[in-house]
Structure formats: structure tokens, C-alpha cells
Amino acid sequence: MSSHAKVTTKILKYLNDCYENGLELDIESLNANRLDISDRQYYQTLNMLSDDGYIKGIEFLDVIANHPITLS
């Protein structure tokens, strides 16, 4: 499992590279499998980045008993 700092750096670097080169984001490039982390760690990392203001425009959903809950 990758450390939080490494995963955060990979995500922010990818977003920065897209921004600086005028590229559209490819969400498949940011999935948990490609980052070699669990889905839970992926969700928590994106949620922390959003809470800390590093990324925006992401809507988080928790699905419990098939009832989605919007977190942001």
C-alpha cells in the first residue's frame, strides 16, 4: 500500500500536468487500481484533498443499503 503523501503527490501531479498542458482529465487515470491503492484509500485521499481545498468539483457519495448520500 502506498503512503498518503505519495498518492496525494501522484494525484496533484497528474492534475497539474493536465492543467499546464491544456489536456482534459481522464478519470480512468486516477482510479485506485492505477494508483495501486485500495478503493477506501482512494476515496479518503480525494475527500481530504477536497476538504483541504486542493481540488474541487468532486461530489462524494456514500452508498449504504443502496441509498446514496451526497457529502459535498
Side-chain angles (χ1 to χ4, degrees):
M1 186 177 293
S2 296
S3 74
H4 173 71
K6 286 182 182 180
V7 172
T8 298
T9 300
K10 286 180 184 180
I11 292 170
L12 293 177
K13 182 179 180 335
Y14 172 75
L15 295 173
N16 186 65
D17 288 348
C18 288
Y19 172 75
E20 287 186 353
N21 295 302
L23 303 172
E24 286 196 36
L25 298 177
D26 176 11
I27 196 64
E28 288 303 313
S29 295
L30 288 177
N31 67 40
N33 190 42
R34 287 199 180 192
L35 293 168
D36 196 28
I37 58 176
S38 68
D39 288 335
R40 179 179 171 86
Q41 185 179 5
Y42 177 70
Y43 170 84
Q44 289 175 330
T45 302
L46 289 179
N47 202 6
M48 283 187 266
L49 287 169
S50 179
D51 286 348
D52 292 342
Y54 287 101
I55 59 176
K56 60 182 175 179
I58 294 179
E59 184 175 317
F60 296 95
L61 301 175
D62 275 343
V63 180
I64 301 171
N66 297 322
H67 299 289
I69 301 169
T70 302
L71 297 180
S72 70

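We're numbering straight along the sequence, starting at 1.
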Check whether any side-chain heavy atom of D17 sits under 4.5 Å from a side-chain heavy atom of N21, and report yes or no.
yes
Are the side chains of L25 and L30 in contact, using a 4.5 Å heavy-atom criterion?
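The answer is no, as the side chains (C-beta and beyond) never meet within the 4.5 Å cut-off.
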Over all heavy atoms of both residues, which pair between [X] and [Y] is shortest? Give the atoms and the distance, please.
X: S38; Y: A32; value: O-CB, 3.7 Å
X: L12; Y: Y54; value: CD2-CB, 4.1 Å
X: H4; Y: M48; value: CE1-CE, 3.6 Å

If the condition is side-chain contact (heavy atoms from CB on, under 4.5 Å), which residues does D26 pass it with, not counting sequence neighbours?
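Testing D26 for side-chain contact (heavy atoms from CB on, under 4.5 Å), a comparison that skips the adjacent residues, returns Y14, E28, S29.
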Measuring from atom OG1 of T8 to atom CD1 of I55, what distance do you get when rounded to the nearest 0.5 angstrom?
9.5 Å
Which distance, rounded to the nearest 0.5 Å, do you find between the NZ of K6 and the CD1 of I37?
13.0 Å
Under 3.5 Å donor-acceptor, S50 side chain and L46 backbone:
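Flag not set: sc S50 to bb L46 has no pair under 3.5 Å.
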